[in-house]
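Written out below as structure tokens is the structure these notes cover.
Residue numbers begin at 1 in each chain, while the letters A, B, ... track the order of the sequences.
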There are 2 protein chains.
Amino acid sequence: MGATKRFIYNQSINEVANIAKVFAHPARVAILKYISEQEGCINNDLVDEIGLSQATISQHLSVIGDAGLLKGRFEGKKKCYCLNVERFEEFQTLLNSFFIKTKTNCC
Amino acid sequence: MGATKRFIYNQSINEVANIAKVFAHPARVAILKYISEQEGCINNDLVDEIGLSQATISQHLSVIGDAGLLKGRFEGKKKCYCLNVERFEEFQTLLNSFFIKTKTNCC
DNA sequence: ATTTATCATCGTAATATTGCAATATTACGA
DNA sequence: TCGTAATATTGCAATATTACGATGATAAAT
């Protein structure tokens, strides 16, 4: 009880859900938006910008990163995050094709 | 602690997150897919089809419904769910424009 | 070497979500 | 009206997520 039964769904369904999960928290949406607006390095500007603790931002960043959406680079002690555009576009395409496939029939 | 601090984000960010949340569970993705594949009435076909309890399916349906994605109709004692295509397309558009806006700059 | 800044991780508390059994509710047909 | 099928709601246990303080690791600056 309690845990999502991922094993009962096929791979493409789980894939859509997993992608959506990344965007299902406003902090992560805000982080992605902010990253896209910056040129070059962003560090924990995000902490000031968004208003969550450094630990929480870092946690959200790792969710985004685990999904493959970040390219990170250290420049001295500052971490420079930027969007992995290829992966991001892959997500866009996958979600979009889910939408297209789904909206065919109606009663 | 513990609860998402929605109030610190602007409306458009929360909107994206709320939309994504609907698709962030495989059961809901599977339900939407199944509904789109059926002509006319679906009842608790979903229970057999997906393999969750009736209570759980009903719960997920109400999340989908609260998001405005269902048109329900009673035909006798059976509820005929179908996709609210207009709303679904609205979701598609909103997500897509988030993707487009976001993938502009990169380091 | 010591301090300072940046970021990750750990531990933990608060809250949310998922899933189900049990129990309503609703609508039909006998 | 009674029984029954379909669906919704309630209550609860299990699990996941969110958030943060504390701690640790690393690298620059002093």
- Report the distance from atom CG of Asp66(A) to atom P of dT17(D), rounded to the nearest whole Å. 12 Å
- Task: Ignoring backbone atoms, test whether Tyr81(B) places a side-chain nitrogen or oxygen under 4.0 Å from the OP1 or OP2 oxygen of dA6(D).
- Result: no
- Of Thr4(A) and Lys5(B), whose nearest nucleotide on DNA chain D comes first from the 5' end? Thr4(A)
- Message: Please report the distance, rounded to the nearest Å, between CG in Asn14(A) and P in dT18(C).
- Response: 13 Å
- Roughly how many Å is it from CG in Leu46(B) to P in dA8(D), rounded to a whole number? 10 Å
- Task: Mind checking Arg6(B) for me? I need base, sugar-phosphate or nothing, with any heavy atom below 4.0 Å counting as a touch.
- Result: nothing
- Message: Taking the ring centre of each residue, are Phe23(A) and Phe99(B) less than 6.0 Å apart?
- Response: yes
- Query: Among Glu37(A), Glu86(A), Glu89(A), which residue meets the salt bridge (charged side-chain N to carboxylate O under 4.0 Å, His left out) test with Lys103(B)?
  - Reply: Glu89(A)
- Query: Can you name the side-chain hydrogen bond (donor to acceptor under 3.5 Å, both in side chains) partners of Lys21(A), sequence neighbours left out?
  - Reply: none
- CG of Leu46(B) to OG of Ser58(B), rounded to nearest 0.5 Å, is 10.5 Å
- For the atom pair OG1 (Thr56(B)) and CG (Leu61(B)), what is the distance rounded to the nearest 0.5 Å? 11.0 Å
- Query: In Å and rounded to the nearest 0.5 Å, what is the SG to CD1 distance from Cys82(B) to Ile35(B)?
  - Reply: 8.0 Å
- Item | Pair pattern of DNA chain C in dot-bracket, where unpaired bases get dots and | marks partners in another strand, Watson-Crick or G-U under 3.5 angstrom | ||||||||||||||||||||||||||||||
- So, with a heavy-atom separation below 4.0 Å from DNA chain C, the residues of residues 48-62 of chain A are Gln54(A), Ala55(A), Ser58(A)
- Item | Shortest non-hydrogen contact between Gly68(A) and Arg87(A), atoms and distance | O-CG, 3.2 Å
- So how far is it from Lys33(B) NZ to Ile50(B) CD1, rounded to the nearest 0.5 Å? 10.5 Å
- Query: Would you say Lys79(A) reaches dT26(D)'s phosphate, i.e. side-chain N/O to OP1/OP2 under 4.0 Å?
  - Reply: no
- note: His25(A), atom NE2; dT15(C), atom P; distance rounded to Å ~ 14 Å
- For the atom pair CZ (Arg6(A)) and CD1 (Ile13(A)), what is the distance rounded to the nearest 0.5 Å? 13.5 Å
- Atom-pair distance (CD1 on Ile64(B); P on dT18(C)), nearest Å: 11 Å
- In whole angstrom, give the distance that lies between atom NZ of Lys21(B) and atom C1' of dT17(D). 9 Å
